[in-house]
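Everything below concerns the one structure shown next.
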Number of protein chains: 2
Amino acid sequence: MRISALAAEAGMPVATVKFYLREGLLHAGTPTSATQAVYDASHVRRLHLVRALLGSAGLSVQQARTIVAVIEAPGDDLYHALGRAVGALPPTPAVPAAAADGGEPFPRARAALESLGQVYDPDFAAVAQLESALASAEAAGLPVDDERLEQYGRHLAALAEFDLDRLPADPASAVEYTVLGTALHEPVLLALRRLAHQDAAVRRLQARPENG
Amino acid sequence: MRISALAAEAGMPVATVKFYLREGLLHAGTPTSATQAVYDASHVRRLHLVRALLGSAGLSVQQARTIVAVIEAPGDDLYHALGRAVGALPPTPAVPAAAADGGEPFPRARAALESLGQVYDPDFAAVAQLESALASAEAAGLPVDDERLEQYGRHLAALAEFDLDRLPADPASAVEYTVLGTALHEPVLLALRRLAHQDAAVRRLQARPENG
DNA sequence: CGTGATTGGATAGTACTGCTCTCCATTATT
DNA sequence: AATAATGGAGAGCAGTACTATCCAATCACG
């Protein structure tokens with residue numbers, strides 16, 4: 001399969017495939033000469049993955065590149081591979097402040113995790129994301145109280161257990177499963193949450209028709 | 001309070017405040033003459049909200065404008081206000097296809113909602129988002145099976161109940177609470193999920209040290 | 001009352017991103 | 001030998017979130 005066939009298979013212009021090649025999102029084909037290479041099913045699969053990461057998961061090219069790199073070279077260490085991958089997922093930076101003033105860098109996140117009985121590793125990017133999200137919500141006038149944090153944490157821990165129960169035994173597959181699961185299931189989760197809110201709202205309005 | 005004081009209060013350049021004014025993200029101040037206006041605490045609050053929406057929540061200016069508009073003119077109808085607001089949240093469109101071929105536009109989403117016993121309203125944007133997210137995950141080689149959908153749905157329904165239990169009685173406050181909660185709690189939710197995954201992974205690796 | 005600073009308002013410019021287009025020498029196909 | 005396609009690289013383009021410049025009107029101050 002050459003590049004035009006690959007592009008047709010994945011349903012995108014050849015120029016875009018070339019762009020992904022240049023950006024390191026798609027591994028090179030096997031060259032058959034100085035100006036020709038053949039691609040196989042792994043390239044088709046990768047293109048679908050890249051489309052999902054850039055489209056539905058809403059990642060930037062840079063972020064997707066990190067994810068793809070982790071999947072290509074997982075390194076047998078699920079914990080650090082997951083750490084690297086999660087660090088690349090949005091919301092990305094957004095937390096430059098409050099880190100260097102000597103004090104606790106992530107006070108809210110730390111308190112939350114401790115009250116949930118979860119590990120607290122300040123190097124894990126999601127800790128900074130949590131801190132930033134809590135600070136933003138508070139700044140916008142909608143602080144997240146302890147009870148809500150507790151509720152959210154418990155339900156998400158249950159879901160995490162469910163996800164981890166399905167972890168493949170093979171370490172390389174485990175990394176890919178976890179990384180892709182983190183990135184690709186998030187949109188599903190958010191959509192389901194919005195729908196659950198809608199459903200709950202409808203039920204309440206039916207129960208109290210004076211508000212509908 | 002004039003514009004420079006407002007900008008200082010909110011911690012951003014005057015040019016940015018002017019930009020938000022132009023983009024309809026910030027309501028105008030009360031003019032005291034042809035070239036002067038005064039701003040109050042509501043403007044400071046709004047700027048914090050806008051920063052949270054554009055920053056932590058990751059919205060575009062366009063999306064934030066819709067949210068702000070819903071909050072300013074909620075219209076007493078929580079269901080439709082929520083619908084308008086959620087329609088503006090990312091991931092935004094991404095689902096132009098499969099809608100006009102006469103068949104069911106969102107088969108996966110519909111099946112999921114019916115098996116969860118939730119309302120199915122194809123006009124609700126989150127339905128399209130769910131369909132798109134499920135299709136993307138499947139295209140990337142990580143299909144979401146019924147059991148996972150069921151689990152996710154149940155836990156998120158429980159969280160939605162929790163959120164709705166805290167709904168303010170006043171309709172205008174209810175809309176603002178719901179809309180902001182949808183937008184601003186999502187980053188919290190995602191961060192907590194990633195942390196729960198990390199925590200669960202650590203526990204499993206400790207239990208099976210041959211994989212760490 | 002006059003002079004310099006500030007304001008609201010508009011226009012243009014910037015930096016970045018995700019493609020998309022064009023070009024080219026080399027190679028495959030006929 | 002003629003035509004077409006390829007890999008590779010550079011430039012171009014449209015959109016986004018600001019940012020900077022300019023302007024006449026107005027304010028603050030002596």
Side-chain angles (χ1 to χ4, degrees), chain A residues 1-40 43 47 49-68 88-94 96 136, chain B residues 1-40 43 47 49-68 88-94:
Chain A
M1 184 188 279
R2 287 172 300 183
I3 199 172
S4 52
L6 174 62
E9 187 89 7
M12 59 183 69
V14 173
T16 304
V17 174
K18 286 184 175 186
F19 172 70
Y20 291 161
L21 276 169
R22 244 179 302 155
E23 294 296 324
L25 296 176
L26 177 65
H27 47 296
T30 338
T32 60
S33 78
T35 68
Q36 221 93 7
V38 291
Y39 303 88
D40 57 31
H43 295 87
L47 285 178
L49 170 61
V50 169
R51 276 318 313 155
L53 292 177
L54 296 186
S56 164
L59 304 196
S60 71
V61 165
Q62 170 108 273
Q63 293 161 341
R65 181 161 42 222
T66 303
I67 302 286
V68 158
L89 294 173
T92 344
S136 279
Chain B
M1 185 189 277
R2 286 171 302 183
I3 199 172
S4 51
L6 174 62
E9 186 90 5
M12 59 183 68
V14 173
T16 303
V17 174
K18 286 185 174 185
F19 172 69
Y20 292 160
L21 276 168
R22 245 177 301 147
E23 294 295 326
L25 296 176
L26 178 66
H27 46 295
T30 338
T32 61
S33 78
T35 69
Q36 221 94 7
V38 292
Y39 303 88
D40 57 33
H43 295 89
L47 284 178
L49 169 61
V50 168
R51 279 316 317 154
L53 292 177
L54 296 186
S56 165
L59 303 196
S60 69
V61 166
Q62 170 108 271
Q63 292 161 342
R65 180 162 41 223
T66 303
I67 302 286
V68 158
L89 293 172
T92 344

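Letters A, B, ... mirror the listed sequences (proteins, then strands); counts begin at 1.
Scanning all heavy atoms of the two residues, the minimum distance from L47(B) to A10(B) falls at CD1-CB, 3.5 Å. When all heavy atoms of V14(A) and S4(A) are compared, the closest pair comes out as CG2-CA, 4.0 Å. Taking every heavy atom of both residues into account, A37(A) and G29(A) meet most closely at CB-C, 4.1 Å. A pairwise comparison of heavy atoms in A64(B) and L54(B) identifies CB-CD2, 3.8 Å as the closest pair.
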- Message: Return a single string for nucleotides 24-30 of chain D, one symbol per nucleotide in 5' to 3' order, where B is base contact, S is sugar-phosphate-only contact and - is none, cutoff 4.0 angstrom on heavy atoms.
- Response: -BSS---
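For Q36(B) (side chain) and S33(B) (main-chain N/O), no donor-acceptor pair under 3.5 Å exists by modelled atom type.
Pairs engaging residues 4-14 of chain A under the salt bridge (Lys or Arg N to Asp or Glu O under 4.0 Å) rule: none recorded [sequence neighbours left out].
At the heavy-atom level, R65(B) lies nowhere under 4.0 Å from the strands shown.
Rounded to whole angstrom, the span from the CG atom of L59(B) across to the P atom of dG15(D) amounts to 20 Å. The CG-C1' distance, from L53(B) to dC18(D), rounds to 17 Å in whole Å. Atom C1' of nucleotide dC18(D) and atom NZ of K18(B) are separated by 14 Å, given to the nearest angstrom.
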- How does DNA chain C read in dot-bracket, base by base from 5' to 3', with Watson-Crick or G-U pairs under 3.5 Å and | used when the partner is on another strand? ||||||||||||||||||||||||||||||
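From the 5' end on, the contacts that DNA chain C makes with chain B at under 4.0 Å to a non-hydrogen atom open and close at dT7(C) to dT11(C).
At a non-hydrogen distance threshold of 4.0 Å, R22(A) from residues 20-29 of chain A come into contact with DNA chain D.
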Exercise answer: donor-acceptor pairs, residues 16-25 of chain B side-chain atoms, under 3.5 Å, sequence neighbours excluded:
| unit_1 | atom_1 | unit_2 | atom_2 | d |
| --- | --- | --- | --- | --- |
| Y20(B) | OH | R51(B) | NH1 | 2.6 |
| E23(B) | OE1 | R65(B) | NH1 | 3.1 |

